[in-house]
Each structure stands twice: as structure tokens, then as C-alpha cells.
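In this text, all values refer to a predicted model and were calculated from it rather than measured experimentally. Just so we're on the same page: letters track the sequence lines, and every chain starts at 1.
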2 protein chains.
Amino acid sequence: MSVDRDQVLRSAAALLTRKSTSTMDEVARAAGISRATLHRHFAGRDALVRALEELGLQECEAALDRAGLGEGSAQDALRRLVKQLEPAAGLLAFLYTENQLFEGEAQNEGWSRIDARLAALFRRGQESGEFRFDLTPAWLTEALYGLIGSGAWAVQDGRVAAKDVSYMISELLIGGARRRVES
Amino acid sequence: MSVDRDQVLRSAAALLTRKSTSTMDEVARAAGISRATLHRHFAGRDALVRALEELGLQECEAALDRAGLGEGSAQDALRRLVKQLEPAAGLLAFLYTENQLFEGEAQNEGWSRIDARLAALFRRGQESGEFRFDLTPAWLTEALYGLIGSGAWAVQDGRVAAKDVSYMISELLIGGARRRVES
DNA sequence: CCCTTATGAGACATTTGCGTCTCAAAGAGC
DNA sequence: GCTCTTTGAGACGCAAATGTCTCATAAGGG
């Protein structure tokens, strides 16, 4: 009988990814519960979004862990990372655009941690000679988010095949970051 | 006395780029006019967004024209394009995310034209041997939009210097699209 | 089998933004 | 100076979404 909070969050994420302006009622319907029950579990829309942010953070952290960013070449680590991030791509795309609205407010410290880990990966690639120095880790991090979002949307609209998207993202990002041996 | 429609549109674009959920009242204030006057010029929020889309389209077309996509190498053409697109980056970022909400509705044919021109550029690069074939023109087009958006936001939040952003975008995209001569 | 608890349905007030309208004031053109 | 047009300020009703509440009911545990 008891509602599965995690399942609610996931269906909310799926819906909001497709339509970021969905109402609480739509979110409730999508989760197969009533609006009242949704409100009992998440005090309000803000709370829901914050819970989704928390979920996104967890999935990101988990993906970073699974990817083993410290092992092997930075390129391969990046490839593994994109692959691991793929299931959360829709949610990340939602959060990435949503976060643009919080301009003033301080950024959630969780994201800072993720950013730092990503930046560290890119810096490692630079120091190992794999990646070029003129594209800053901060930019590459930002670009990773953007490309994941673009990928998620492109798949949603059928412009890119779902099975290809992680390859397309990895290759573009790695190719762009890579030092060129010849001119 | 008469309101400058174009100036209103531009300040609206600037505001909505920063906060895509701004109200009509905020838009009016930002333009230095009253909400009533704003309503006299744009029947409603939808009309305003459509006008912004029109403006974005025009700026895009103009940038594509200025860039001379047919001349020289595809790489250089792409570099010129990104540079020309830069002033419209914020507006494009807004429209790009906004368009995600119109999932069902048919895409504005203007964007299809732009997409086609961009895809043609990438295809030209492939056929000239500059760009790799395994990244589809459709994906590269999508990635261009995504990176422009990411760039605009990164600049807004101070994560990337404004003077560098067009270089960062070009280099990442070109580097990623480029065929590698060696492994 | 009873009792506790969570749920669904719906009513309700509140908020918020939208769109329309009116009226007075300011400006532009003649 | 007069008139026509446009603007600003604000009031007003409307619609949508939110958040709260009640009540009946279904589920589950002891």
C-alpha cells in the first residue's frame, strides 16, 4: 500500500525530462498516485525538485564511482563515465536547465563536488599529455553537461539513435579535448 | 514616444536568457515600459516568445550568411560561424531549451532550414575528408546548439571568460568532428 | 477481527500571472 | 493651440496551479 518514494521520484524525473513544466497533478498521475499523496511525500513543488536534485546527485556520484576515473587513460575513463551517466541523462538535462533559474542562490555543494571530480579528470588528462591545455577543465566540464543534455533531447526527438548517443558524446568530447599530434 | 519594438525584444531576450520564467511584468519593467504597453505590442506571452523565435531565426540566418559557409575549409567556416553566432548565443540558449516544451507540435520550418544549412556544412566537411563520418551531421548540429547554450551559461555564471567562449566552442567542436590522421 | 495507517477523491481558499479595460497624462504632428 | 495617438497606472475578472483539509475506504499488522 505504502507508496514507493523512489519509484515516484523516478517517474517524476521521466516526466519532467520530457516536459519540465508539468504540474503536480501530472506528476502524480504519472506516478499512479493521487495529488494528495504526492503532497504528503513532498511538501511542495520545490521539495520535489530538490528531491530530484538529490537523486540526480546520487546517480552522478554513483556513476563517477563506477567509472573509476582514476584508472587507465583519461580518455578511457571519460568514455566509461559517459556510458555510466547515460541512464541519468534525462534527469541531468532537466536539472541542468532547471539550475539556470537559481542564478542568484548558491549552488548546491553536491554539484561542486561533482564538478571538482570532473575537472580533476580533465586536469589529469592534461597532465598526462592526452588533453590539450587551452580548453580549460571548467569548460570541458560544462561541455560535458551540455552534450549530455543535447544527447538526451536528440534521442527524445529521434534525431539520434539511443544506442549511438553515448558514443557520439564521448567521441566528440574526447576528440575535441585531445591534443593533436599533427597539425 | 512610440515604443521601439526591436529594443523591447532585445531586452526581453536578455532577461529571458537569464531567467526563462520571467513574468510579463518583469519583461515590461526590463524594457522600461508598462505591462499594458507590452501587451499592446505582443498579444500575450506566446506572441512574445514567437516574436523572439522570429528574432532568433533572423539572427541565425544572418549569422549563417555572414559566415559564408561555402567558402574555404569546413573547419574555418565553422569557426567563422561560431564567432558570428556568439552575439545571439543567449537568445539561442533560451529558444533551444524553450523548444523542448513544444515536443508534440511541429517544429518551426525556419529552424528546419537552419538545421539543413548546418547539416550541409558538416556533410561538406565529411566529404572533403576534414570531418569523420561516424559522427552524423544531425548530431553535430545538435551538439553545436548544446555547446552554444553551455557556453552562454558558463559565461553568465563566470565559469568561462566571455572573450574565450567562442574559441572554446569552436575548438571543441572542430577537434571532435575532425578526422584523426594518426591513432 | 480489530485497529492503525496510508490512500484517493474531492472540496476549498489562496496565490499568481494573464489578459482586458478605463482613464488621465504626455507627446507628436499639424 | 488643438487634436490624435500612445503611454502609464491601476483596477478587474479569469484561469491555472498550489497547498490544505476532510472524509470515506482500502490495506496491512497484530
Side-chain angles (χ1 to χ4, degrees), chain A residues 1-56 90-91 94-95 97-105, chain B residues 1-56 90-91 93-95 97-105 108:
Chain A
M1 183 183 196
S2 194
V3 160
D4 180 354
R5 178 190 157 104
D6 207 63
Q7 178 268 326
V8 171
L9 271 179
R10 281 175 201 288
S11 68
L15 177 63
L16 288 168
T17 293
R18 287 196 303 276
K19 181 159 167 284
S20 60
T21 57
S22 302
T23 67
M24 291 295 273
D25 195 73
E26 291 170 313
V27 170
R29 265 175 224 284
I33 61 176
S34 74
R35 197 165 66 90
T37 301
L38 180 61
H39 261 284
R40 284 186 193 107
H41 286 269
F42 304 97
R45 192 193 177 74
D46 286 356
L48 177 63
V49 172
R50 261 183 280 120
L52 281 171
E53 191 170 24
E54 200 53 44
L55 177 64
L91 177 56
F94 165 68
L95 293 173
T97 56
E98 192 79 0
N99 273 329
Q100 285 312 115
L101 305 180
F102 303 160
E103 41 166 348
E105 316 165 27
Chain B
M1 179 184 199
S2 194
V3 160
D4 180 353
R5 178 189 156 103
D6 207 62
Q7 178 268 327
V8 171
L9 271 180
R10 281 175 201 288
S11 68
L15 178 62
L16 287 168
T17 293
R18 286 196 304 275
K19 182 160 168 281
S20 60
T21 56
S22 302
T23 67
M24 292 295 274
D25 194 72
E26 290 170 314
V27 170
R29 265 175 225 284
I33 62 177
S34 73
R35 196 165 66 94
T37 303
L38 179 61
H39 261 284
R40 284 186 192 105
H41 286 270
F42 304 97
R45 193 193 177 73
D46 286 355
L48 177 64
V49 172
R50 261 183 280 121
L52 281 171
E53 189 168 27
E54 199 54 45
L55 178 64
L91 178 54
F94 165 68
L95 294 173
T97 55
E98 193 78 0
N99 273 328
Q100 284 312 113
L101 304 181
F102 303 160
E103 42 165 348
E105 313 165 28
N108 184 321

Heavy atoms of other groups near B/R29 CZ, more than 12 under 6.0 Å | no

In whole Å, I'd like the distance from the [atom1] atom of [X] to the [atom2] atom of [N].
X     : N      : atom1 : atom2 : value
B/R5  : D/dT7  : CZ    : P     : 13 Å
B/L38 : C/dT20 : CG    : P     : 12 Å
A/R29 : C/dG8  : CZ    : C1'   : 12 Å
B/D4  : C/dG27 : CG    : C1'   : 17 Å
B/F42 : D/dT6  : CZ    : C1'   : 16 Å

Between the two end axes of the helix from C/dC1-D/dG30 to C/dC30-D/dG1, each built from 5 base pairs, what angle do you get to the nearest 10°?
-> 30°

Measuring from [X]:[atom1] to [Y]:[atom2], what's the distance to the nearest 0.5 Å?
X     : Y      : atom1 : atom2 : answer
B/R45 : B/L48  : CZ    : CG    : 7.0 Å
A/T97 : B/Q100 : OG1   : CD    : 9.0 Å
B/L55 : B/L9   : CG    : CG    : 5.5 Å
B/E98 : B/L16  : CD    : CG    : 8.0 Å
A/L52 : A/F42  : CG    : CZ    : 7.5 Å

Can you check each nucleotide of nucleotides 12-23 of chain D against protein heavy atoms at under 4.0 Å and return B for base, S for sugar-phosphate only, - for none, in 5' to 3' order?
-> -----SBBB-B-

Can a side chain N or O of A/S34 be found less than 4.0 Å away from OP1 or OP2 on C/dG8?
-> yes

Counting just side-chain N and O atoms, does A/H41 come under 4.0 Å of either OP1 or OP2 of C/dT7?
-> yes

Those residues at least two apart in sequence (or on a different chain) that pass salt bridge (Lys or Arg N to Asp or Glu O under 4.0 Å) with B/D6 are B/R10

So, does A/T17 use its side chain to make a donor-acceptor pair with the main chain of A/A13 at under 3.5 Å?
-> yes

